[in-house]
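Below is one structure, written out as structure tokens; comments come after it.
Note that the structure is predicted; figures quoted are calculated from it, not measured. In listed order, ligands and their atoms are each counted from 1. Side-chain atoms are counted along with the backbone in the values below, which use heavy atoms only and exclude waters and symmetry mates.
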Amino acid sequence: MVGDELLEKETRMNFSELGLDPLVLKAVEAAGYSDPTPVQAQAVPAALTGADLLVSAQTGSGKTAAFMLPSLCRLVEPAAAKGYGPRILVLTPTRELALQVEKAAGIYGRELRKLRTACLVGGAPYGPQLKQLSQPVDVVVATPGRLMDHMERGKIDFDRLEVLVLDEADRMLDMGFVDDIKAIVAKTPATRQTMMFSATLDGVVGRLARELTRDAQRIEVTRSEDPEAKIEQKLHFFDDPSHKMRLLDALVRDASLNQAIVFTATKAGAEDLSEELRDRGFLAEALHGDMPQHKRNRTLDRVRSGRTQFLVATDVAARGIDVAGISHVINYDAPRQAEDYVHRIGRTGRAGRSGVAVTLVSFRDHQLVRNIERYTGHTLAVTTIPGLEPTARPSRPRPEGGKSWGDKPGYKGKRPGGSGDWKAKSGGWKEGSRGKPWADKPGYKAGGDKPHPAAAAGLQPAHKPQANDKPRRAERFW
Ligand code: AMP
């Protein structure tokens, strides 16, 4: 069996065929899971052999159980070494994800005798964590920074450690945890099993993986089971901040919306926008990294119980949130990275449900949209709301003479205004320098024969086609 056939068999596999210990299997059944997800079908049997694993799996794919179930099977037998330290250590990039993983350990390990778990995350008081570490602990889920604090104070040892999991390794590297991770791994026994989960296994993640694992088995879950497939992805263009707010107002009134996470680029933005939504009569709350942990937990509890309909959040704060009621993700501020886009939209379409992800962009964000589409392999459907259609004004004029920027004399590889706020730099449209605004150009009629934005902006594709590129979709606006 090869390819699709093998995959089909794997996806049809039953949990009882994976080789899990009966106690763990019982807990899986109690959790209500009927079949393993593709990443579980592939990773669980491999992990049970004790091999190191490198798994590329998206958020929402069931990756937590993929590493937690086989790891917990080890706890059925007593530890080989003496000590109080954890037998399973999971590192995660954020506190929210850590709390969720610890909760999952409790659910999947509920049939194990006296399972002891600890969650060591920053922003939480040291006292309860120190108390947990003063007794034997089986599973520790931690963010790297706080774990380093405990290590430096000599409060945790890894003599008993059997499994190390790096969850969302790419994100931990993005967040600058590489040195902490290396320092932590250096203190763990060489005999450990290492499992690394990441959206991507290329580049720096791949290099770290080679350093930290031995003869690792690589598991890549193919796009066909991508959780994004059940998420409807839409794109709305806005002209200016007031148009953007009117679009948001219309989107949040959508009758099909149950609960939503609205993403902003900044903490202040999350505060301001949640206040704006509350002023408009919506049950909205902010969530960002400046809030103390207990406040973040309370906010999340209110989201889980449905008392809060709109969570206005920044990327880091929202990572790992798993609430089945979230029907919509609204990228009020577009994510700067395609990877962030994937993590954001993964907050909807949870637990087998479908979801809607809406991204608001200005016409200047064309490259970002292209990056997202190339990264995800999905086309974002350009959508309009009757009465709120964008006027599609060009963001930049074509240079005089109709040439592209690249052909313009004096052009040295950088378009004028190509980065940052060109208006601030150039003082806006200047007669004779960069051409007139379109509205002043002879023959231009407002709302009539507007130039096509692509022609208007004189944009050149920034990306040169590569041999391994995905097929390009038809050009739409640019
Ligand atoms: P994760 O990717 O680990 O964040 O999991 C995403 C969601 O899928 C969580 O709500 C899990 O409880 C759920 N889940 C994990 N495995 C299964 C499964 N085999 N069947 C149904 N739901 C699952």
Check: Y33 N/O within less than 3.5 Å of ligand 1 N/O: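 For ligand 1, there is an N or O atom that lies under 3.5 Å from one belonging to Y33.
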Polar proximity ligand 1 side, G62 side, N/O cut 3.5 Å exclusive: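 Checking ligand 1 against G62, an N or O pair does fall under 3.5 Å apart.
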Ligand 1 contact by D35, heavy-atom criterion under 4.0 angstrom: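 It does, in that a heavy atom of D35 comes within the 4.0 Å cut-off of ligand 1.
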T64: numbered ligand 1 atoms lying under 4.0 Å from its heavy atoms: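 What qualifies from ligand 1 is 1 (P), 3 (O), 4 (O).
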Atoms in ligand 1 with a heavy atom of F15 nearer than 4.0 Å: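 What qualifies from ligand 1 is 19 (N).
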Option passing side-chain contact (heavy atoms from CB on, under 4.5 Å) with L89 (candidates V165, L147, V139, V141):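 Single side-chain contact (heavy atoms from CB on, under 4.5 Å) partner of L89 among V165, L147, V139, V141: L147.
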Candidates V44, V163, V101 - the one meeting side-chain contact (heavy atoms from CB on, under 4.5 Å) with M68: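 Exactly one pass, corresponding to V101.
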Sequence neighbours excluded, every pair satisfying ring pair (Phe, Tyr, Trp, His ring centres under 6.0 Å) that has a member inside residues 120-151: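 Of all non-adjacent pairs touching residues 120-151, those that pass ring pair (Phe, Tyr, Trp, His ring centres under 6.0 Å) are Y126-H150.
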Approximate separation, where rounding is to 0.5 Å, of R214 CZ and D52 CG: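 That separation rounds to 6.0 Å.
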Proximity of Q40 to ligand 1 by residue part, where a heavy atom lies under 4.0 Å: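 The part of Q40 near ligand 1 is the side chain, not the backbone.
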Full working for ring-ring contact (aromatic ring centres under 6.0 Å, His included) between F263 and Y332: CA-CA 6 Å; F263 280 95; Y332 180 75; over 10 Å; no
